[in-house]
2 protein chains.
Amino acid sequence: MKKKVSLKDIAQEAGVSTALVSYVMTNKEEKARVGREMARKIRKIAQKLNYQPNHLARSLKSGRSDTIGLIVADISNPFFGHIARTIEDEAKQHNYTVIFGSSDENVDKSGDLINALLNRQVDGLIVIPAEGSEQQIRRLKERHVPFVLMDRPFPDVDASSISINNAGAAYEAVKHLLLSGRRRVGMIAYKTGLHHIAERRSGYTQALSDYGLEKEKRIKLARYSHLRDDIRKAIDQLTGGKHPADALFFATNSLAIEGLRYISELGISVPEQLAVVSFDESEAFDLFHAPVTYIRQPIREMGKAAVRLLLEQIRDGDKPTEAICLDAELIVRQSTAKK
Amino acid sequence: MKKKVSLKDIAQEAGVSTALVSYVMTNKEEKARVGREMARKIRKIAQKLNYQPNHLARSLKSGRSDTIGLIVADISNPFFGHIARTIEDEAKQHNYTVIFGSSDENVDKSGDLINALLNRQVDGLIVIPAEGSEQQIRRLKERHVPFVLMDRPFPDVDASSISINNAGAAYEAVKHLLLSGRRRVGMIAYKTGLHHIAERRSGYTQALSDYGLEKEKRIKLARYSHLRDDIRKAIDQLTGGKHPADALFFATNSLAIEGLRYISELGISVPEQLAVVSFDESEAFDLFHAPVTYIRQPIREMGKAAVRLLLEQIRDGDKPTEAICLDAELIVRQSTAKK
DNA sequence: CTGAAAGCGCTTACAG
DNA sequence: CTGAAAGCGCTTACAG
């Protein structure tokens with residue numbers, strides 16, 4: 001790259017010290033009581049030379065990088081892509097830039113990522129934590145790094161977080177299935193200790209038991225790393241046998257998409273033979289022949305809240321933690337129509 | 001945040017200069033001929049203090065930030081999300097971090113973004129350029145900023161780029177429709193001057209004319225900002241009248257998804273009444289009742305090539321520009337089955 | 001084998 | 001109203 005013009009170049013041309021130029025360029029001329037004439041002259045030269053401040057130098061001096069780090073599970077998953085987009089927009093409004101990384105639901109990657117972002121002096125972190133990363137998160141707290149957990153709070157860690165009422169939303173979804181006449185409702189979830197999935201499972205269980213169907217509990221788990229195979233197996237089991245499920249509740253959009261692929265292949269008719277509800281949204285749900293009933297998370301609000309909480313923490317290191325829990329909404333469509 | 005430990009702290013504890021510590025921490029002990037004992041001692045202290053280098057300071061000094069900037073149209077669009085993911089993975093392998101931004105197909109935003117990333121001293125840029133951003137790209141070249149154009153080359157700008165054979169891929173798609181017995185093939189594209197869309201249009205036109213159907217050309221354009229309305233209007237026009245289209249070719253996945261939503265609403269049967277092909281891929285294409293035939297771009301290869309080209313440019317500022325053009329693949333499925 | 005010193009490009013408290 | 005100086009945390013050419 002061509003050598004960039006620095007404060008020094010401007011100072012030289014204007015015949016003043018770099019200090020003056022710095023004051024003018026950061027609009028602190030008032031405070032530094034720089035002469036109006038001089039300020040104008042400096043600005044003019046800066047313009048002519050097309051001066052662009054070096055953010056790195058500024059950050060090194062000021063201790064603030066105006067950058068936030070974002071850790072998601074996988075940026076190519078539209079759910080996280082949407083979150084990233086909201087955070088980007090919201091951050092930009094406050095003159096922050098976003099560095100991101102995908103943890104792939106992997107603790108080691110997550111740890112490396114956190115370190116890499118921290119070494120780059122991000123002012124704070126928004127993280128959608130991977131399973132088993134509690135320790136890493138605790139370390140953040142010990143080091144007084146401002147951060148916000150998103151999507152998946154850790155019940156045992158006292159940290160600011162944005163999440164939704166997972167148990168409640170799952171409960172509503174299952175209740176909706178029961179009210180539409182289904183009795184054998186299966187659930188497919190990730191095999192994970194993450195709290196948000198546990199909550200979704202407990203919402204499911206609670207609904208069944210409130211409707212006197214605790215005996216009908218049928219949950220299958222799929223590994224993130226063997227998604228396709230595990231889901232196929234799960235569906236085979238749930239829809240086979242003497243008392244096949246007449247409804248399926250998927251705990252996330254990726255589970256549902258993979259599941260629906262297989263359901264189509266098998267020629268199972270939705271919603272006649274099998275009603276379907278999923279967490280999250282997806283364009284794919286719209287194009288399924290029976291548009292899929294889903295639980296809509298308020299992604300925009302979540303992103304906004306996350307950035308807000310983080311910036312407050314950055315500004316005030318002693319801000320008490322704040323856990324925000326938003327409500328999700330059940331969007332009812334064809335895939336759960338009454339039989 | 002708590003004060004971080006710096007080289008100085010280690011130097012103090014070890015009773016040596018920061019220079020020594022720096023050499024050891026960057027594994028240049030050989031070159032600096034630091035004593036083995038001393039090196040061990042320094043490493044031990046660094047470990048104990050949990051030393052983490054400040055990347056900002058390093059970058060300021062070295063002039064390299066080991067960060068690349070990525071500009072996409074919209075990170076929440078899975079197509080770009082996938083590209084981002086490949087670039088992230090590939091960059092990480094070379095110890096680079098990625099800062100990203102969404103231009104929203106808007107020239108002003110794109111300009112702001114480029115500046116913001118450059119001020120943060122990214123070593124180079126991978127950009128999926130917005131319409132009308134030629135000037136911004138030319139400026140990059142003038143300033144000798146390493147960069148690679150992706151997805152959309154500018155024919156009038158001599159720059160390194162990764163793209164696919166858009167005209168050829170479109171040609172194949174339309175040819176496939178014609179060979180499957182369709183005669184009135186409509187196309188829906190973005191209203192844009194961007195070259196890759198122009199190429200897709202010309203592939204369409206060429207195919208029609210090669211098959212003696214130039215009179216049957218029916219292209220409709222939709223504005224990015226009025227996607228839904230424009231597509232609905234376009235589909236109404238194409239499928240209405242005395243000679244309704246019997247096939248539709250969508251120039252991108254977002255156009256197709258919006259279009260298929262409407263086609264479902266209208267109750268038009270695919271592929272019987274209307275065959276459908278789209279550029280790009282999407283999970284939604286799989287779940288459509290007649291899985292959609294699409295043109296698969298080699299995203300992984302594209303991302304890898306982009307990073308490779310960029311890093312070569314960063315290493316060698318005089319590297320001549322290189323335009324890589326990859327082939328796309330037509331994946332034939334139900335939506336274009338013979339009538 | 002080791003260290004002092006300069007410098008990357010900024011900011012800001014301080015002195016005049 | 002203006003400027004000299006110190007310093008953020010590193011790296012590296014140079015001198016011993």
Side-chain angles (χ1 to χ4, degrees), chain A residues 1-43 45-46 49-67 118-123, chain B residues 1-43 45-46 49-67 118-123:
Chain A
M1 293 204 223
K2 203 154 61 174
K3 201 167 78 267
K4 303 235 321 184
V5 344
S6 73
L7 282 188
K8 215 201 286 186
D9 300 314
I10 302 178
Q12 218 149 35
E13 178 135 355
V16 298
S17 74
T18 59
L20 267 241
V21 183
S22 170
Y23 285 126
V24 174
M25 296 321 293
T26 51
N27 296 312
K28 297 211 186 79
E29 18 176 337
E30 296 282 291
K31 202 178 146 216
R33 282 163 305 171
V34 180
R36 291 189 49 180
E37 262 317 303
M38 186 47 86
R40 277 190 27 180
K41 182 174 167 193
I42 289 174
R43 262 188 246 282
I45 296 176
L49 264 40
N50 188 27
Y51 170 69
Q52 299 286 356
N54 180 328
H55 240 279
L56 252 39
R58 180 177 290 173
S59 300
L60 180 59
K61 181 63 184 143
S62 68
R64 298 173 40 239
S65 63
D66 297 319
T67 301
L118 252 29
N119 291 351
R120 276 171 163 85
Q121 311 303 118
V122 294
D123 292 336
Chain B
M1 293 205 222
K2 202 156 56 175
K3 202 166 77 269
K4 304 237 315 183
V5 345
S6 70
L7 282 188
K8 216 201 288 185
D9 300 314
I10 302 178
Q12 218 148 34
E13 179 135 357
V16 298
S17 75
T18 59
L20 267 242
V21 183
S22 169
Y23 285 125
V24 175
M25 298 318 295
T26 50
N27 297 312
K28 298 211 186 76
E29 20 176 338
E30 294 285 292
K31 202 178 143 216
R33 282 164 303 168
V34 179
R36 289 189 51 179
E37 261 317 302
M38 186 47 89
R40 277 192 25 180
K41 182 173 168 194
I42 288 175
R43 263 188 246 282
I45 297 176
L49 264 40
N50 188 26
Y51 170 70
Q52 299 287 355
N54 181 328
H55 238 281
L56 251 40
R58 179 176 289 174
S59 300
L60 181 58
K61 181 66 184 141
S62 68
R64 298 174 38 243
S65 62
D66 298 319
T67 301
L118 253 28
N119 292 350
R120 275 171 164 87
Q121 311 303 116
V122 294
D123 291 336

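Convention: sequence-line order gives letters A, B, ...; per-chain numbering from 1. Given the structure is predicted, the values throughout are model-derived calculations rather than measurements.
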Starting from P on C:dT11, measure out to CG on A:Leu20 and report it in whole angstrom. 13 Å
What's the CG-C1' distance between A:Leu60 and D:dG9, to the nearest Å? 6 Å
Answer with base, sugar-phosphate or nothing: what part of the nucleic acid does A:Thr26 contact at a heavy-atom distance below 4.0 Å? sugar-phosphate
Quick one: do B:Leu49 and B:Glu13 satisfy side chain to side chain contact (heavy atoms under 4.5 Å, CB included)? Show the steps, please. CA-CA 10 Å; B:Leu49 264 40; B:Glu13 179 135 357; 4.2 Å; yes
Can you tell me the distance, in whole Å, between the CG atom of B:Asp66 and the P atom of D:dC10? 15 Å
I need the CD1-P distance between A:Ile42 and D:dC1, as an integer number of Å. 14 Å
Is there a side-chain contact between A:Thr26 and A:Arg58, using heavy atoms and a 4.5 Å cut-off? yes
So if I take every side-chain heavy atom of B:Ala19 and compare against D:dC10, D:dT2, D:dT12, which nucleotide ends up nearest? D:dT12
Between A:Met25 and B:Tyr23, which residue's closest nucleotide on DNA chain C lies nearer the 5′ terminus? B:Tyr23
The side chain of B:Tyr51 is closest to which nucleotide in this list: D:dA5, D:dT2, D:dC10? D:dC10
A:Arg58 vs A:Lys8, nearer the 5' end of DNA chain C by closest nucleotide: A:Lys8
For D:dC1, what is the paired nucleotide under Watson-Crick or G-U wobble rules, both distances under 3.5 Å? C:dG16
Does a side-chain heavy-atom distance below 4.5 Å link B:Met38 with B:Leu20? yes
Verify, without hydrogens or angle tests, whether B:Ser22 (side chain) and B:Thr18 (backbone) share a donor-acceptor contact under 3.5 angstrom. no
Protein-nucleotide distance (A:Gln12, atom CD; C:dC10, atom P), rounded to Å: 13 Å
Using only side-chain N and O atoms of A:Ser17, determine if any of them is under 4.0 Å from OP1 or OP2 of D:dT2. no
Nearest-nucleotide pick for A:Lys28, side chain only, options being C:dT12, D:dT2, C:dC8: C:dT12
Would you mind reporting whether A:Ile45 and A:Lys41 have side-chain heavy atoms less than 4.5 Å apart? yes
In whole angstrom, give the distance that lies between atom CD of B:Gln52 and atom P of D:dC8. 20 Å
Considering heavy-atom distances to DNA chain D, does A:Thr18 or A:Arg36 have its closest nucleotide positioned more toward the 5' end? A:Arg36
With a 4.0 Å limit, can you tell me whether A:Lys61 has a side-chain N or O closer than that to the phosphate oxygens OP1/OP2 of C:dT12? no
Over how many whole Å does the gap from A:His55 atom NE2 to C:dC8 atom C1' extend? 17 Å
Does A:Ser62 put a side-chain nitrogen or oxygen below 4.0 Å from OP1 or OP2 of C:dT11? no
Rounded to whole Å, how long is the line connecting atom CZ of B:Arg120 with atom C1' of C:dG9? 16 Å
